Undergrad: 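I have a structure here, written as structure tokens, and I will follow up with some questions on it.
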Amino acid sequence: KEDMSFGVYEDAFGSNDELCSNAYSPTEMEDYPFVYQIETALEEDEDDEYAPQKINLVQSYGLNEIPLTKKLFMVSFKKLLGQMTARMEPERVNDFKRGAGAFLKNFVLSEFDEFSFYAGRSNDPDGTILLARYFGENFSPSFFLFKDSCSFVKC
């Protein structure tokens with residue numbers, strides 16, 4: 001029997017910012033099962049029908065878009081990779097590093113300009129980074145979050 005308790009995914013590093021909840025139904029990526037893919041939607045401002053629509057995940061969790069060049073992203077990614085592997089069981093580290101390298105090379109760097117990057121509410125420089133990308137004709141992006149960069153907390 002699957003546990004259907006509501007819970008949030010908190011940043012495992014730095015500030016413990018809430019990044020997402022299971023209400024967004026994060027799913028493991030098929031080729032990269034250590035990464036959650038989170039589908040989002042646009043929501044309207046209830047008080048101002050002329051205000052620009054906002055991404056529901058960003059609005060709900062106060063995520064902050066952060067500008068990253070490829071060089072700055074690589075520095076941040078290496079730091080995040082070190083933080084994640086430090087909290088893993090040793091037998092997982094090599095497979096994870098191999099998979100994370102493939103994710104980085106084949107999924108992110110090959111289309112780097114298509115991505116946006118987000119930090120948690122506190123903008124903690126030691127916190128995790130969420131990646132976002134629009135696909136096809138979608139009006140809202142898919143977000144990507146390393147499973148090992150967050151902790152699930154039941155509410």
Side-chain angles (χ1 to χ4, degrees), residues 6-45 52-88 92-93 95-155:
F6 178 77
V8 295
Y9 295 87
E10 290 183 349
D11 191 337
F13 313 112
S15 66
N16 293 1
D17 287 339
E18 292 181 354
L19 303 171
C20 179
S21 75
N22 59 352
Y24 288 87
S25 303
T27 56
E28 292 179 354
M29 292 184 72
E30 187 174 332
D31 293 335
Y32 309 104
F34 48 86
V35 176
Y36 287 127
Q37 183 167 341
I38 305 156
E39 299 306 327
T40 63
L42 294 178
E43 60 182 33
E44 307 222 355
D45 186 327
Q53 294 180 323
K54 298 194 173 158
I55 301 165
N56 58 356
L57 182 69
V58 172
Q59 188 71 11
S60 295
Y61 290 93
L63 302 180
N64 297 292
E65 188 168 2
I66 51 175
L68 290 177
T69 62
K70 194 179 278 191
K71 183 177 180 179
L72 283 173
F73 171 76
M74 289 302 297
V75 169
S76 298
F77 182 80
K78 286 178 183 176
K79 180 179 177 182
L80 182 61
L81 190 64
Q83 290 172 303
M84 289 186 289
T85 55
R87 65 187 295 243
M88 263 177 213
R92 288 189 55 223
V93 171
D95 286 342
F96 176 77
K97 282 185 174 180
R98 231 182 335 277
F103 174 77
L104 181 66
K105 179 182 175 190
N106 302 328
F107 189 74
V108 180
L109 295 180
S110 64
E111 302 281 337
F112 185 81
D113 293 338
E114 301 297 317
F115 283 89
S116 300
F117 306 96
Y118 288 81
R121 184 177 304 276
S122 68
N123 258 335
D124 188 334
D126 292 324
T128 195
I129 298 170
L130 290 90
L131 291 79
R133 181 175 177 199
Y134 289 86
F135 289 99
E137 300 298 316
N138 292 349
F139 291 108
S140 60
S142 297
F143 276 72
F144 303 91
L145 174 65
F146 279 94
K147 289 167 64 173
D148 290 288
S149 71
C150 58
S151 302
F152 183 72
V153 179
K154 289 182 185 178
C155 296

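No experiment lies behind these values; they were computed from the predicted model shown. All values below were derived from every heavy atom in this structure, side-chain atoms included, with hydrogens, water molecules and symmetry-related copies excluded.
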Undergrad: Indicate the atoms forming the closest heavy-atom contact of C150 with Y36, along with that distance.
TA: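 Looking at all heavy atoms of both residues, the closest pair is SG-CE1, 4.3 Å.
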
Undergrad: If the condition is salt bridge (charged side-chain N to carboxylate O under 4.0 Å, His left out), which residues does E30 pass it with, not counting sequence neighbours?
TA: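 Partners of E30 by the salt bridge (charged side-chain N to carboxylate O under 4.0 Å, His left out) criterion come out as none, since no residue qualifies.
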
Undergrad: Got a sec, which pairs hit side chain to side chain donor-acceptor pair (under 3.5 Å) with one end in residues 141-150, sequence neighbours left out?
TA: E28-K147, E39-S142, R92-D148, T128-S149

Undergrad: Crowded around F135 CZ? As in, over 12 foreign heavy atoms under 6.0 Å?
TA: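 More than 12 heavy atoms, drawn from other residues, nucleotides or ligands, come within 6.0 Å of this atom.
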
Undergrad: Less than 4.5 Å apart, any side-chain heavy atom of D124 and any of F13?
TA: no

Undergrad: Mind checking what makes side chain to side chain donor-acceptor pair (under 3.5 Å) contact with R121, not counting sequence neighbours?
TA: none

Undergrad: For Y24 and S60, work out which heavy atoms get closest and say how close.
TA: OH-OG, 3.2 Å

Undergrad: So how far is it from L68 CG to I129 CD1, rounded to the nearest 0.5 Å?
TA: 5.5 Å

Undergrad: Any side chain to side chain donor-acceptor pair (under 3.5 Å) pairs touching residues 77-87, not counting sequence neighbours?
TA: K79-D126, R87-S151

Undergrad: Would a 4.5 Å heavy-atom cut-off, applied to side chains only, mark S21 and Y61 as touching?
TA: yes

Undergrad: Closest heavy-atom contact between G120 and N64?
TA: O-ND2, 2.9 Å

Undergrad: Would a 4.5 Å heavy-atom cut-off, applied to side chains only, mark P26 and L145 as touching?
TA: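 Contact flag for P26/L145 side chains = no.
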
Undergrad: Evaluate the side-chain proximity of F117 to I66: yes if any heavy-atom separation is below 4.5 Å, no if none is.
TA: yes

Undergrad: Atom NZ of K154 and atom CG of N22: how far apart are they, to the nearest 0.5 Å?
TA: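 One finds 10.0 Å between NZ of K154 and CG of N22.
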
Undergrad: Rounded to the nearest 0.5 Å, how far does CG of L63 lie from CD of E18?
TA: 10.5 Å

Undergrad: Under 3.5 Å, is there a donor-acceptor pair between the side chain of T40 and the main chain of P141?
TA: yes

Undergrad: First locate atom CD1 of I55, then atom CZ of F139, and finally report the distance between them rounded to the nearest 0.5 Å.
TA: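 It comes to 13.5 Å.
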
Undergrad: May I have the step-by-step check of side-chain contact (heavy atoms from CB on, under 4.5 Å) for L109 and M74, ending in yes or no?
TA: CA-CA 9 Å; L109 295 180; M74 289 302 297; 4.0 Å; yes

Undergrad: For Y118, enumerate each residue passing the ring pair (Phe, Tyr, Trp, His ring centres under 6.0 Å) test, keeping only those at least two apart in sequence or located in another chain.
TA: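 So Y118 forms a ring pair (Phe, Tyr, Trp, His ring centres under 6.0 Å) with F143.
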
Undergrad: Tell me if a side-chain donor or acceptor on N56 pairs with a main-chain N or O of A41 at a distance below 3.5 Å.
TA: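 Confirmed, N56 side chain pairs with A41 backbone.
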
Undergrad: Can you tell me how far the CZ atom of F146 sits from the CG atom of L130, to the nearest 0.5 Å?
TA: 10.5 Å

Undergrad: Fit a plane to each ring of F103 and F107, take the angle between them on a 0 to 90° scale, and name the class: parallel (under 30°), tilted (30 to 60°) or perpendicular (over 60°).
TA: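 Answer is parallel, since the angle falls under 30°.
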
Undergrad: Kindly state each residue pair satisfying side chain to side chain donor-acceptor pair (under 3.5 Å) with at least one member in residues 6-15, sequence neighbours excluded.
TA: S15-D17, S15-S122

Undergrad: Taking side chain as C-beta onward, heavy atoms only, is F115 less than 4.5 Å from F144?
TA: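 With C-beta onward as the side chain, the pair touches.
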
Undergrad: Enter the distance from F77:CZ to L131:CG here, rounded to the nearest 0.5 Å.
TA: 8.5 Å

